[in-house]
Every structure is written in C-alpha cells, then in structure tokens.
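Everything quoted here is computed from the prediction, not taken from an experiment. Below, chains carry the letters A, B, ... as their sequence lines are ordered, and counting in each starts from 1.
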Amino acid sequence: MPEGPEMVFLKELAEPFVGQQVWEARGEAKGISFDRVKGQVLQDIKTFGKELFFCFPDFALRVHLMLFGKYSINGELNRVLQLGLVFEAGEINFYACDCRLLNAPWEDQYDWPTDVLHPAFDPEKALGKLLRSPGRFICDALLDQTLFAGVGNGLKNEVLFRQRIHPESQVGEIPASELRALIKATQALSAEYLEGKRHGEGEVHWQAYRQKICPRDRVPFLKAKLGKPPRSCYFCALCQRQYLPDW
DNA sequence: GGTTATGTTATTTC
DNA sequence: AGAAATAACATAAC
C-alpha cells in the first residue's frame, strides 16, 4: 500500500466525505478520543508523503499505513479496527495502521513542499539538502522522508534503475547533473504512478523492484540488503554505475 | 514452520 | 548526552 502516490490516491477516494459531519467514530487506536471526533465536520484531507490527515477545526487524525495497513471504504475487513469514521455519504475504516490525533497547530510540524508529489516540491532545494550529507549512500538518502517525503522502497529501486545509478553510490561522488536528473525522475515517476492509479491500472508496472531480470541487459538483477538500516535493493551490475571515491 | 516484506518509532547499547 | 544499533509492531505470501 504505502508509498506516496497510493496515499494521494486514497485521499482522492475519501474526498466525498469532506464537508460532512462525523456520525460515528470508533476503533482501537490508542490516544484517540473518539468522543471528540464524533459530531465534527471534516474540513479537508491532506497528505504528506505516506501520511494521511483528516483535518478538523481544532485537530487532525493522522493515519500511516506502515507496512501492513489496510483500508476499506464503505465496507469492513475481518481485522481489528483501528479507526472508523462514519459519514452520511458512507464510511472509511483503517486496520493494522498507526493512527494518532494531532492537536492544532499541527500543520507547523510539516514542511509540506518536501513531499515529492506536492506542487511546490523544489528539486533544487532537495539537491541542496541532499548534498549536506555527501558521505551517505544514495539508496539511504532517497528513503529519507525529510528529503523526499513519499518515496518508499519500490520507488527508490525503480528510480535508481531508470537513472542507471548503483544504490551504493556515495551522494557526494555523483555528478550534480546526475543528481538533478535523479530528483526530477523521482518526482516524475511518483506522478506517473499516481496517474496510473487514477486510471485504474491497479498494480504498478515495476521494471526493477521485485524483478528477476534486467530488461536492458537481460541478466539477472542482484538482490541485496543495502544501506543503513538495510533495505532490499534490486539492481543491475551491468547498467547501474557505482560512484565511489577513488581511494 | 521459517523467511520475507511497500515503514516507522521506541528502546537499548555504545 | 547523544549517536547508532536493535527491537518492536502488524500481516500475508511464498
């Protein structure tokens, strides 16, 4: 479920509830006073990276699907309900996820344009932030939500493959032009996946992530846990260049 | 039954 | 104290 484009898509699915009053709020999520939510009018739905926010006048309900999160709109799943909101137009239910209540002014905690899908995402600003840690591996940097909110392990692998960059390349050794292209490709691929969701193309068509053979070189992808902390990387030893210091 | 996994955060360790 | 490693959590598929 949980990379940025999926969350924007979910936001769009839930948009019919905006402007409606919560008829019932329930679930097992700790730290949420469901009494406080009942009767409130949903003002807006926002996303930041992989986080989804149901915005009310004095607070927001934040949902993060983590690894195994599930949701159902106008239906129920056979699991422990974490958060369920019932409106006149229907209901939305969340399971196996992290749900929290954030008190106003909660929006100040987020640097919204850091989200690669935000209209104001600024590739140059991202490049500046990226270069502050020149010694880290690019596979780690791409997953850093303070740099590229919304990028998950799938997008990470895919964009590195597309740009022909080895995951264990050191940020400071990659030419700035390549980094710029990588950042723009990350933004573009996220938008492309969102557009695919909007057109009902269920699953994303991965070229590298979870794939066996490099479609360019017809050789097996290497699969390894790289980075700190280790995360699965799928990459081609032939076409993805590794940038490392000479010595 | 064991391993793996679209992710983050709390706790422990150095 | 603070950085870094480890554990924890939830769930389905192979």
### Task
Could you state the atom-to-atom distance from CG of A:L52 to C1' of B:dG7 in whole Å?
16 Å
### Query
C:dA13 and B:dT8: how far apart are their C1' atoms, nearest whole angstrom?
22 Å
### Task
With P as the reference atom in both, quote the distance from B:dT3 to C:dA7 in angstrom, rounded to an integer.
14 Å
### Cation-pi check, A:R62 onto A:F48 ring (under 6.0 Å, within 45° of axis)
no
### Query
Rounding to a whole Å, what distance do you find between A:H64:NE2 and B:dT6:P?
14 Å
### Query
Roughly, in whole Å, what's the span from CG in A:N153 to C1' in B:dT6?
7 Å
Which atoms of nucleotides 8-11 of chain C (N or O only) lie under 3.5 Å from a protein N or O atom, and what are those distances?
residue	atom	partner	partner atom	Å
C:dT11	O3'	A:R79	NH2	3.4

### Message
A side-chain contact here means heavy atoms from C-beta on lying under 4.5 Å apart; do A:F121 and A:L117 qualify?
### Response
no
### Message
In the structure I gave you, are the side-chain heavy atoms of A:P113 and A:D122 within less than 4.5 Å of one another anywhere?
### Response
no
#### Entry: Working for ring-ring contact (aromatic ring centres under 6.0 Å, His included), residues A:F221 and A:F161
CA-CA 10 Å; A:F221 274 122; A:F161 174 71; 5.4 Å; yes
### Query
Are any non-hydrogen side-chain atoms of A:R36 and A:F56 less than 4.5 angstrom apart?
no
#### Entry: Atom-to-atom span, CD of A:E3 to P of B:dT6 - whole angstrom
9 Å
### Task
Tell me the partner of C:dA10, counting only Watson-Crick (N1-N3 plus N6-O4 or O6-N4) or G-U wobble (N1-O2 and O6-N3) with both under 3.5 Å; none if nothing fits.
none
### Task
Give a yes or no on whether a salt bridge exists between A:E3 and A:K50, defined as a side-chain N under 4.0 angstrom from a carboxylate O.
no
### Task
Please examine the side chains of A:C236 and A:R216, heavy atoms only from C-beta on, and report whether any two atoms are closer than 4.5 Å.
no
### Task
Round to the nearest Å and state the distance from A:D140 atom CG to C:dA3 atom P.
17 Å
### Message
Is the phosphate of B:dT6 approached by A:R231 (side-chain N or O, under 4.0 Å from OP1 or OP2)?
### Response
yes
### Query
Reckon A:K228 has a side-chain N or O less than 4.0 Å from the OP1 or OP2 of C:dT6?
no
### Short side-chain N/O contact from A:K50 to OP1 or OP2 of B:dT8, under 4.0 Å
yes
### Task
Please give the nucleotide sitting opposite C:dA5 as a Watson-Crick or G-U wobble pair, both distances under 3.5 Å, or none.
B:dT11
## Note on the structure
Winner on side-chain proximity to A:R100, out of B:dA5, B:dT9, B:dT8, is B:dT9
### Task
Take the protein atom CG of A:L155 and the nucleotide atom P of B:dG7, then report the distance between them rounded to whole Å.
9 Å
### Query
What is the distance from NZ of A:K225 to P of C:dT6, rounded to the nearest Å?
14 Å
### Task
Respond yes when some side-chain nitrogen or oxygen of A:Q145 is under 4.0 Å from OP1 or OP2 of B:dG7, and no when none is.
no
### Query
NZ of A:K212 versus P of C:dC14: gap in Å, rounded?
11 Å
